[in-house]
Trainee: 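Structure below; questions to follow.
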Amino acid sequence: MAATRAIISLLIILSVTFFQIPRPCNGNALRICNFHRIYQLGDSISDTGNLIRESPMGAASPFSRLPYGETFFHNATGRCSNGLLMIDFIAKSAGLPLLNAYKNTGADFKHGVDFAVAGSTALPVETLARQNILSPVTTSSLGVQLDWMSTHFNSTCGGGRDCTEKLKDSLFMVGEIGGNDYNYALFQGKSIEEVKSLVPSVVQAIANAVRRVIINHGAVRVVVPGNFPIGCFPIYLTGFKTNNATAYDDNNCLRDLNELSKFHNDQLQRAIGELNKEFPNAVITYGDYYNAFDWLFRNAAYLGKFLYTIWNIIAFFVDLMRQLRKDLVVELGEIIISVSAECAELRTFRSVRIPIDSSAGMEFI
């Protein structure tokens with residue numbers, strides 16, 4: 001009886017604490033849209049396994065082995081995450097299976113295809129090379145991915161009107177893409193002003209990709225995500241560290257780099273506005289990854305306190321159950337408690353700060 005009361009008490013405490021923090025939206029929210037398929041173009045934010053299959057370099061990348069994929073698949077799939085990606089959560093929310101990578105030959109593509117490649121750019125690698133910017137990871141830029149898409153549709157629905165009819169209930173994700181154009185330029189010594197000069201060309205490449213999926217493939221529902229606040233990313237905070245306090249904002253993020261992302265996003269939203277005028281029968285929506293990440297970043301300390309509290313509650317509860325020599329397994333979402341008289345196992349989120357490349361971070365965004 002005492003053990004039962006302890007269980008009930010723990011569940012109440014966990015429930016009250018859990019419902020006081022912001023959480024991801026309804027996991028099945030996209031079912032109402034009645035998407036039958038999803039087609040994804042992009043980079044590492046959405047690559048479900050193309051990079052590790054397209055070349056020996058990709059196969060040798062860290063994404064082809066653990067700890068990538070350890071929390072959900074228990075095996076590396078080529079996703080740049082310890083578990084799922086945002087596109088995986090989008091597919092689940094739409095009631096569809098997870099998307100297979102285009103390069104995964106023989107896979108089931110009945111409900112869509114992922115053409116994204118980690119490390120890819122919006123501009124062709126030849127265009128970047130002419131500006132002395134190297135693309136060291138892959139040559140499969142946005143244009144190459146669009147060619148893959150055309151090849152796929154030509155082989156599955158013959159192109160033309162048949163494809164248009166078949167794909168009218170599909171969701172097309174054009175991006176996130178373009179971030180690597182800026183990443184490579186910045187880390188290869190280009191100034192922020194020089195990188196800003198790339199933005200119109202990058203945005204134009206993305207806009208042309210949207211035109212292509214609408215005109216060539218009959219897309220009527222398109223999401224075009226923007227860039228993240230890269231000035232908050234550890235790789236930039238380390239690589240561009242400075243003693244100039246004015247270079248940082250109130251969140252200790254690099255101000256100029258975030259302004260670069262905002263500049264890109266502003267230009268992209270203007271382009272989307274023009275595209276909606278150009279294609280009034282299509283719905284083209286901006287995906288606001290910047291503010292989604294910003295919310296997660298600003299709430300990281302709050303989320304961390306929540307997890308710290310949960311950890312202490314679980315630790316107390318485990319000790320109690322071991323003293324009572326009772327076996328117990330309790331599952332509360334991501335939190336799993338497994339207790340026996342001989343041992344206790346506690347598993348919770350892997351990172352209190354929830355990095356963007358963690359499955360938990362992807363789900364929140």
Trainee: May I ask whether Phe35 and Val220 are part of the same hydrophobic cluster, defined by side-chain heavy atoms of I, L, V, M, F, W, Y residues being less than 4.5 angstrom apart, directly or through others?
Mentor: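 No, because Phe35 and Val220 fall into different hydrophobic clusters, even though each may have its own neighbours under 4.5 Å.
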Trainee: Could you walk me through whether Ile87 and Ile38 pass the side chain to side chain contact (heavy atoms under 4.5 Å, CB included) test, one step at a time?
Mentor: CA-CA 9 Å; Ile87 185 57; Ile38 300 176; 3.8 Å; yes
Trainee: What is the distance from atom CZ of Phe240 to atom CG of Leu254, rounded to the nearest 0.5 Å?
Mentor: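 Reported value, rounded in 0.5 Å steps: 8.5 Å.
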Trainee: Between atom CG of Leu30 and atom CG of Leu171, what is the distance when rounded to the nearest 0.5 Å?
Mentor: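 Output value for this atom pair is 7.5 Å.
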Trainee: Hey, are the side chains of Asn82 and Pro67 touching, using non-hydrogen atoms and a 4.5 Å cut-off?
Mentor: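 Not touching, per the 4.5 Å side-chain cut-off.
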Trainee: If only atom types and distance count, is the side chain of Arg31 paired as donor or acceptor with the main-chain N or O of Ala94 below 3.5 Å?
Mentor: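 Not at all, since once roles are kept as given, no pair shorter than 3.5 Å links the two residues.
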Trainee: Identify the heavy atoms of Ala271 and Val203 that sit nearest to each other, and give their distance.
Mentor: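 Nearest pair, atom of Ala271 first, then Val203: CB-CG1, 3.8 Å.
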Trainee: Carefully, step by step, assess Ile192 and Val195 under the rule side chain to side chain contact (heavy atoms under 4.5 Å, CB included).
Mentor: CA-CA 5 Å; Ile192 288 183; Val195 176; 5.5 Å; no
Trainee: Does some side-chain heavy atom of Val224 sit less than 4.5 Å from a side-chain heavy atom of Ile206?
Mentor: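 Yes, at least one pair of side-chain atoms sits under 4.5 Å.
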Trainee: Can you establish whether the number of heavy atoms outside Asn34 located under 6.0 Å from its atom CG is more than 12?
Mentor: yes
Trainee: State, to 0.1 Å, how close Val174 and Ala209 come at their nearest heavy-atom pair, and which atoms those are.
Mentor: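 Of all heavy-atom pairs spanning Val174 and Ala209, the closest is CG1-CB, 4.0 Å.
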Trainee: Tell me whether Gln145 contacts the main-chain N or O of Gly42 through its side chain, where contact means a donor paired with an acceptor under 3.5 Å.
Mentor: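 Side chain of Gln145 to backbone of Gly42: a pair is present.
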Trainee: So do Asn227 and Tyr289 actually touch side chain to side chain, heavy atoms under 4.5 Å?
Mentor: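 A side-chain contact under 4.5 Å is absent here.
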Trainee: Do other residues, nucleotides or ligands put more than 12 heavy atoms under 6.0 Å from Ile215 CD1?
Mentor: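 Enclosed.
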Trainee: How about Ser46 and Gln40: do any of their side-chain heavy atoms sit closer than 4.5 Å?
Mentor: yes
Trainee: Between Asn208 and Gln204, is there a side-chain donor-acceptor contact under 3.5 Å, judged purely by atom types and distance?
Mentor: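 Indeed, the side chains of Gln204 and Asn208 share at least one donor-acceptor pair under 3.5 Å.
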Trainee: Let's go through Lys262 and Asp266 carefully: what are the C-alpha distance in whole Å and the side-chain angles of both, what is the deciding distance for salt bridge (Lys or Arg N to Asp or Glu O under 4.0 Å) to 0.1 Å, and is it a yes or a no?
Mentor: CA-CA 6 Å; Lys262 289 179 182 178; Asp266 288 344; over 6 Å; no
Trainee: Hey, are Ser81 and Arg79 close enough side-chain-wise for a donor-acceptor pair under 3.5 Å?
Mentor: no
Trainee: Hey, what do you get for CD (Glu274) to CZ (Arg270), rounding to the nearest 0.5 Å?
Mentor: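 These two atoms lie 10.5 Å from each other.
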Trainee: Can you tell me how far the CZ atom of Arg212 sits from the CG atom of Leu142, to the nearest 0.5 Å?
Mentor: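 Those atoms lie 8.5 Å apart.
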Trainee: Closer than 3.5 angstrom, by distance alone: can the side chain of Asn50 be matched with the main-chain N or O of Tyr102 as a donor-acceptor pair?
Mentor: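 At least one qualifying donor-acceptor pair exists.
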Trainee: Report whether Leu268 and Tyr290 are members of the same hydrophobic cluster (ILVMFWY, side-chain heavy atoms less than 4.5 Å apart, transitive linking).
Mentor: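 No; tracing contacts between hydrophobic side chains, which count when under 4.5 Å, never links both residues.
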Trainee: For the residue pair Gly119 and Asp43, what are the closest heavy atoms and their distance?
Mentor: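 Between these two residues, the closest heavy atoms are N-CB, 4.4 Å.
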Trainee: Looking only at heavy atoms, which two atoms of Thr48 and Leu99 are closest? And how far apart?
Mentor: OG1-O, 3.3 Å
Trainee: Ignoring hydrogens, what is the shortest heavy-atom contact between Leu260 and Ile230? Give both atom names and the distance.
Mentor: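 Looks like CD2-CD1, 4.4 Å.
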Trainee: Pick from Leu134, Val137, Val125: which one makes a side-chain contact (heavy atoms from CB on, under 4.5 Å) with Tyr184?
Mentor: Val137
Trainee: Counting N and O atoms only, with roles assigned by atom type, does the side chain of Ser61 sit under 3.5 Å from a partner on the main chain of Gly58, one being a donor and the other an acceptor?
Mentor: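 Side chain of Ser61 to backbone of Gly58: a pair is present.
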Trainee: Please state whether the rings of Phe228 and Phe233 are parallel, tilted or perpendicular, taking 30° and 60° as the class boundaries.
Mentor: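 Tilted.
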Trainee: Hey, what do you get for CZ (Phe279) to CD1 (Ile284), rounding to the nearest 0.5 Å?
Mentor: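 Interatomic distance, Phe279 CZ to Ile284 CD1, rounded to 0.5 Å: 6.5 Å.
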Trainee: Is there a donor-acceptor contact under 3.5 Å from the side chain of Asn180 to the main chain of Ser120?
Mentor: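 Pair found, side chain donor or acceptor close to backbone of Ser120.
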Trainee: Can you tell if the side chain of Val113 reaches within under 4.5 Å of the side chain of Met149, non-hydrogen atoms only?
Mentor: no
Trainee: Below 4.0 angstrom, N of the basic side chain to O of the carboxylate: do Lys196 and Asp256 qualify?
Mentor: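 Salt bridge: no.
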Trainee: Any chance the side chains of Asp288 and Asn291 put a donor and an acceptor closer than 3.5 Å?
Mentor: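 The criterion, which ignores hydrogens and geometry beyond distance, is satisfied for Asn291 and Asp288.
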Trainee: Hey, are His264 and Tyr182 close enough side-chain-wise for a donor-acceptor pair under 3.5 Å?
Mentor: yes
Trainee: Are Val222 and Ile32 linked, directly or through other ILVMFWY residues, by side chains that come within less than 4.5 angstrom of each other?
Mentor: no
Trainee: Is there a side-chain contact between Asn104 and Asp114 (heavy atoms, below 4.5 Å)?
Mentor: no
Trainee: Measure the acute angle between the ring planes of Phe187 and Tyr236, then classify it against the limits of 30° and 60° as parallel, tilted or perpendicular.
Mentor: tilted
Trainee: Compare every heavy atom of Cys232 with every heavy atom of Asn258, then report the nearest pair and how far apart it is.
Mentor: ND2-SG, 3.7 Å
Trainee: Any chance you could lay out the side chain to side chain contact (heavy atoms under 4.5 Å, CB included) test for Lys166 and Cys157, step after step, and finish with the verdict?
Mentor: CA-CA 8 Å; Lys166 182 177 179 180; Cys157 59; 3.9 Å; yes
Trainee: By the definition side chain to side chain donor-acceptor pair (under 3.5 Å), identify the one residue from Asn244, Thr242, Asp249 that meets it with Thr246.
Mentor: Asn244
Trainee: In the structure I gave you, are the side-chain heavy atoms of Leu128 and Asp181 within less than 4.5 Å of one another anywhere?
Mentor: yes
Trainee: I would like to know whether Ile52 and Asp47 meet side chain to side chain contact (heavy atoms under 4.5 Å, CB included); could you show each step before the answer?
Mentor: CA-CA 10 Å; Ile52 66 169; Asp47 181 0; over 6 Å; no
Trainee: Is the distance between the ring centroids of Tyr39 and Phe153 under 6.0 Å?
Mentor: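 Ring-ring flag for Phe153/Tyr39: true, centres closer than 6.0 Å.
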Trainee: Would you find a donor on one side and an acceptor on the other, under 3.5 Å apart, between the side chain of Thr127 and the backbone of Leu123?
Mentor: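 Not confirmed, Thr127 side chain does not pair with Leu123 backbone.
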Trainee: Using a 3.5 Å distance criterion without hydrogens, assess whether the side chain of Thr238 forms a donor-acceptor pair with backbone atoms of Pro234.
Mentor: yes
Trainee: Parallel, tilted or perpendicular, judged at 30° and 60°: which one describes the rings of His152 and Phe115?
Mentor: perpendicular
Trainee: Between CG of Leu275 and OG1 of Thr285, what distance do you get to the nearest 0.5 Å?
Mentor: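 Separation between the atoms: 11.5 Å.
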Trainee: So, do Glu194 and Ser191 sit near enough that their side-chain heavy atoms are less than 4.5 Å apart?
Mentor: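 Result yes, sub-4.5 Å side-chain heavy-atom pair found.
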Trainee: Taking atom types as modelled, is there a side-chain donor on Glu54 or Ser140 under 3.5 Å from an acceptor on the other?
Mentor: yes
